Number of protein chains: 2
Amino acid sequence: MIIEYALIFVNEIRISFLYNGGRRIPYRKLVYSMTSKKEIMAYLKQEILSLELKPGAMISETALSERFQLSRTPIRDVLKQLALEQYVDIYPKKGNLVSYIDLESVEQIIYLRNVLEKEIMKSLAGNFPLKGLHMLKDNLAQQQRCIEQEEGAEVFLQLDDQFHRTMFGLAGREFLWGVLQQFNVHYIRYRKLHMLKDEKLAAIRQEHQQLLDYIVQGDTARIDELVHHHLRADIDSKNLQEHFATYIKK
Amino acid sequence: MIIEYALIFVNEIRISFLYNGGRRIPYRKLVYSMTSKKEIMAYLKQEILSLELKPGAMISETALSERFQLSRTPIRDVLKQLALEQYVDIYPKKGNLVSYIDLESVEQIIYLRNVLEKEIMKSLAGNFPLKGLHMLKDNLAQQQRCIEQEEGAEVFLQLDDQFHRTMFGLAGREFLWGVLQQFNVHYIRYRKLHMLKDEKLAAIRQEHQQLLDYIVQGDTARIDELVHHHLRADIDSKNLQEHFATYIKK
DNA sequence: GAATCATATCTTGTATACAAGTTCATTCTA
DNA sequence: TAGAATGAACTTGTATACAAGATATGATTC
């Protein structure tokens with residue numbers, strides 16, 4: 001981007017202006033370094049979801065303020081938003097804690113996904129767009145590769161999300177995928193703690209494959225039962241309670 | 001509440017303390033007047049949902065600040081939260097506007113409710129708790145009364161919400177009702193603009209009655225089609241576009 | 001007269017000082 | 001020594017001054 005500029009001093013005091021394609025912008029703008037609020041937000045979210053920041057960990061405003069070289073005000077904005085999305089619990093005058101994993105929320109969200117996907121896949125059954133078929137088959141191939149080369153559950157889960165998201169998109173329900181995303185802090189961390197073994201991954205991929213087949217064939221009845229099984233299968237909160245008791249909300 | 005107090009001056013300067021049942025509280029606490037953030041929040045939400053604050057209306061921080069006698073900081077907190085729940089759109093350095101009604105969102109949320117309720121009612125079919133039956137029958141009676149005495153759509157819609165909410169509760173899905181609530185700014189305002197006529201209300205009540213019957217009988221098949229019809233029935237965005245074009249998001 | 005520039009006046013964004021609540025360790029007192 | 005009182009050192013909450021962007025209006029310049 002080419003910037004024509006003109007430095008103009010007014011009243012011997014005022015700050016001069018730069019001109020960018022006729023548009024006037026303050027000089028300071030260019031000097032700005034800064035990590036923006038959005039970046040900080042994304043960064044913290046990532047740290048919380050990956051469990052680097054453990055449930056119950058305290059994140060104080062002043063600490064973040066120093067770390068990101070920003071005043072407390074914008075930091076507070078970020079924390080407020082994280083609280084609304086349940087990444088963080090704010091205890092007034094005490095501190096901000098990374099939220100504990102709420103198994104109730106996990107169960108409810110899984111149920112919601114379950115119900116929604118069943119309906120979405122049934123609506124896709126029969127009249128399935130060809131383009132979508134390619135995307136999903138490609139995704140399944142990647143899942144296969146991921147398993148064979150043992151790239152780990154992390155990568156696989158991303159592919160899994162992409163698979164389901166594509167389904168939502170094809171049915172014109174991307175909006176609802178977004179709704180789900182806003183409530184899955186607990187679900188994502190829960191899923192991560194399960195540390196799925198490879199055999200399990202293979203089984204999941206197999207089910208994905210089957211689902212796709214049923215949809216193409218238009219076999220709504222079998223979709224019904226398989227979706228139900230697909231999402232329920234890996235709930236095992238007892239195991240979780242034992243090993244990660246300190247992460248769980250009481 | 002009885003307060004024992006002791007005024008203690010330290011260093012001739014420090015502010016004294018009050019004692020409330022052994023608990024130490026600062027003196028200033030009692031002098032605090034103030035409408036709290038929560039109250040302001042509720043107030044603004046009500047004004048927006050009732051369309052007193054029209055979509056597109058500007059609500060500036062300084063204006064609110066003067067109105068509620070609070071500094072901009074807490075006001076900003078409130079606006080941030082309202083923005084996250086889509087009551088308000090924030091345009092940086094320009095202003096905060098009451099959000100326009102987003103028909104896409106309305107359609108998606110109706111679909112979501114549709115799908116969820118179908119599943120929930122089916123799960124209730126057959127094994128319906130007696131207590132719930134009483135509550136719902138009572139609600140239906142109130143709906144009847146509301147129609148006969150022409151108390152208006154406003155009251156009826158509240159009863160309608162209560163009816164559906166009770167269903168969610170009985171199925172142990174209150175959490176998901178909460179999820180829906182967080183996304184229904186557009187839906188509620190949309191519904192309000194329809195200004196349902198009395199015949200329509202009667203029809204809706206009739207359907208509620210029928211739904212309850214089917215559930216008690218355990219007739220899942222008919223639940224399926226009726227729920228579908230029940231929520232779809234009053235979508236008529238063409239009419240809306242004509243009369244309230246300025247309220248709608250483009 | 002038209003286009004550009006300057007400025008006043010709005011808006012929200014940020015930094016910062018201070019207020020207020022919590023917690024904990026220390027001091028004082030009985 | 002036990003227990004209450006006190007203060008220091010945290011935390012977040014609020015008020016406020018100022019920065020920065022947007023916008024409209026009037027001045028300047030050609």
Side-chain angles (χ1 to χ4, degrees), chain A residues 4-11 13-38 40 57-66 68-80 82-83 88-97, chain B residues 4-11 13-38 40 57-66 68-80 82-83 88-97:
Chain A
E4 321 162 30
Y5 70 98
L7 301 176
I8 303 163
F9 292 86
V10 185
N11 292 345
I13 288 182
R14 282 192 73 86
I15 286 165
S16 44
F17 294 116
L18 283 165
Y19 288 82
N20 175 12
R23 196 150 195 75
R24 186 173 65 179
I25 51 174
Y27 178 65
R28 293 286 182 82
K29 180 77 176 188
L30 295 196
V31 190
Y32 253 31
S33 72
M34 108 151 135
T35 23
S36 74
K37 282 199 276 188
K38 265 192 184 173
I40 295 175
M58 184 163 171
I59 34 182
S60 93
E61 296 175 359
T62 49
L64 290 177
S65 171
E66 286 168 20
F68 292 107
Q69 290 292 306
L70 262 174
S71 80
R72 272 179 58 219
T73 310
I75 297 288
R76 275 174 65 77
D77 286 348
V78 171
L79 284 173
K80 275 272 160 48
L82 287 176
V88 165
D89 290 327
I90 296 180
Y91 295 90
K93 315 262 169 135
K94 290 187 194 171
N96 308 309
L97 301 191
Chain B
E4 323 161 29
Y5 71 98
L7 300 175
I8 304 164
F9 291 87
V10 186
N11 291 347
I13 288 181
R14 280 191 75 88
I15 285 166
S16 44
F17 294 114
L18 283 165
Y19 289 82
N20 175 11
R23 196 152 195 76
R24 187 173 64 180
I25 51 174
Y27 177 67
R28 292 288 183 79
K29 179 76 176 191
L30 296 197
V31 190
Y32 252 30
S33 71
M34 111 152 135
T35 23
S36 74
K37 282 200 274 187
K38 266 192 184 173
I40 295 175
M58 184 162 172
I59 34 181
S60 94
E61 296 176 359
T62 49
L64 290 177
S65 171
E66 287 169 19
F68 291 107
Q69 289 294 305
L70 262 174
S71 80
R72 273 179 57 220
T73 312
I75 297 289
R76 276 174 66 77
D77 287 348
V78 171
L79 284 172
K80 274 271 161 50
L82 287 176
V88 165
D89 290 328
I90 296 180
Y91 295 90
K93 315 260 169 138
K94 288 187 194 170
N96 307 309
L97 301 191

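Because the structure is a prediction, the values reported are computed rather than measured. In the text below, chain A, chain B and the rest are named by the order of the sequence lines, each starting its count at 1.
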**Prompt:** At their closest point, which heavy atom of A/Glu61 faces which heavy atom of A/Leu79, and how far apart are they?
**Reply:** CG-CD1, 3.6 Å

**A/Ser71 versus A/Ile75, closest heavy-atom pair with distance** = O-CG1, 3.3 Å

With a 4.0 Å cutoff (strictly under), does any side-chain N or O of [X] reach OP1 or OP2 of [N]?
X       : N      : value
B/Ser71 : D/dA15 : yes
B/Arg72 : D/dT16 : no
B/Thr73 : D/dT14 : no

Nearest to the side chain of [X], heavy atoms from C-beta on, is which of [options]?
X       : options                : value
A/Asn96 : D/dA15, D/dT12, C/dT14 : D/dT12
B/Lys37 : D/dT14, D/dT12, C/dT11 : D/dT14
B/Pro74 : C/dT11, D/dT14, C/dG13 : D/dT14
A/Lys93 : C/dT12, D/dT11, C/dT16 : D/dT11
B/Glu61 : D/dG13, C/dT14, C/dT12 : C/dT12

Please give, in whole Å, the distance from [N] [atom2] to [X] [atom1]?
X       : N      : atom1 : atom2 : value
A/Glu66 : D/dT11 : CD    : C1'   : 14 Å
A/Gln69 : C/dT14 : CD    : C1'   : 14 Å
B/Arg76 : D/dT16 : CZ    : P     : 16 Å
B/Ile75 : C/dG13 : CD1   : P     : 14 Å
A/Leu70 : D/dA19 : CG    : C1'   : 14 Å
A/Tyr91 : D/dG13 : OH    : P     : 13 Å

**Request:** Test for a donor-acceptor pair under 3.5 Å between the base of C/dT12 and the side chain of B/Ser60, counting only N and O atoms.
**Result:** no

**Message:** Regarding C/dT11, can its base be found pairing with the side chain of B/Thr62 as donor and acceptor, where the two atoms are less than 3.5 Å apart?
**Reply:** no

**Item:** Spacing of NZ belonging to A/Lys37 relative to CG belonging to A/Asp77, to within rounding of 0.5 Å
**Value:** 4.0 Å

**Request:** Measure the spacing between CZ of B/Arg76 and OG of B/Ser65 and express it to the nearest 0.5 Å.
**Result:** 12.0 Å

**Prompt:** 5'-most contact on DNA chain D: B/Lys94 or A/Ile90, nearest heavy atom basis?
**Reply:** A/Ile90

**Asked** With sugar-phosphate meaning primed atoms plus P, OP1 and OP2, does A/Ile59 contact a base, only sugar-phosphate, or nothing at under 4.0 Å between heavy atoms?
**Response** sugar-phosphate

**Message:** Less than 4.5 Å apart, side chain to side chain, heavy atoms only: is that true for B/Leu70 and B/Ile40?
**Reply:** yes

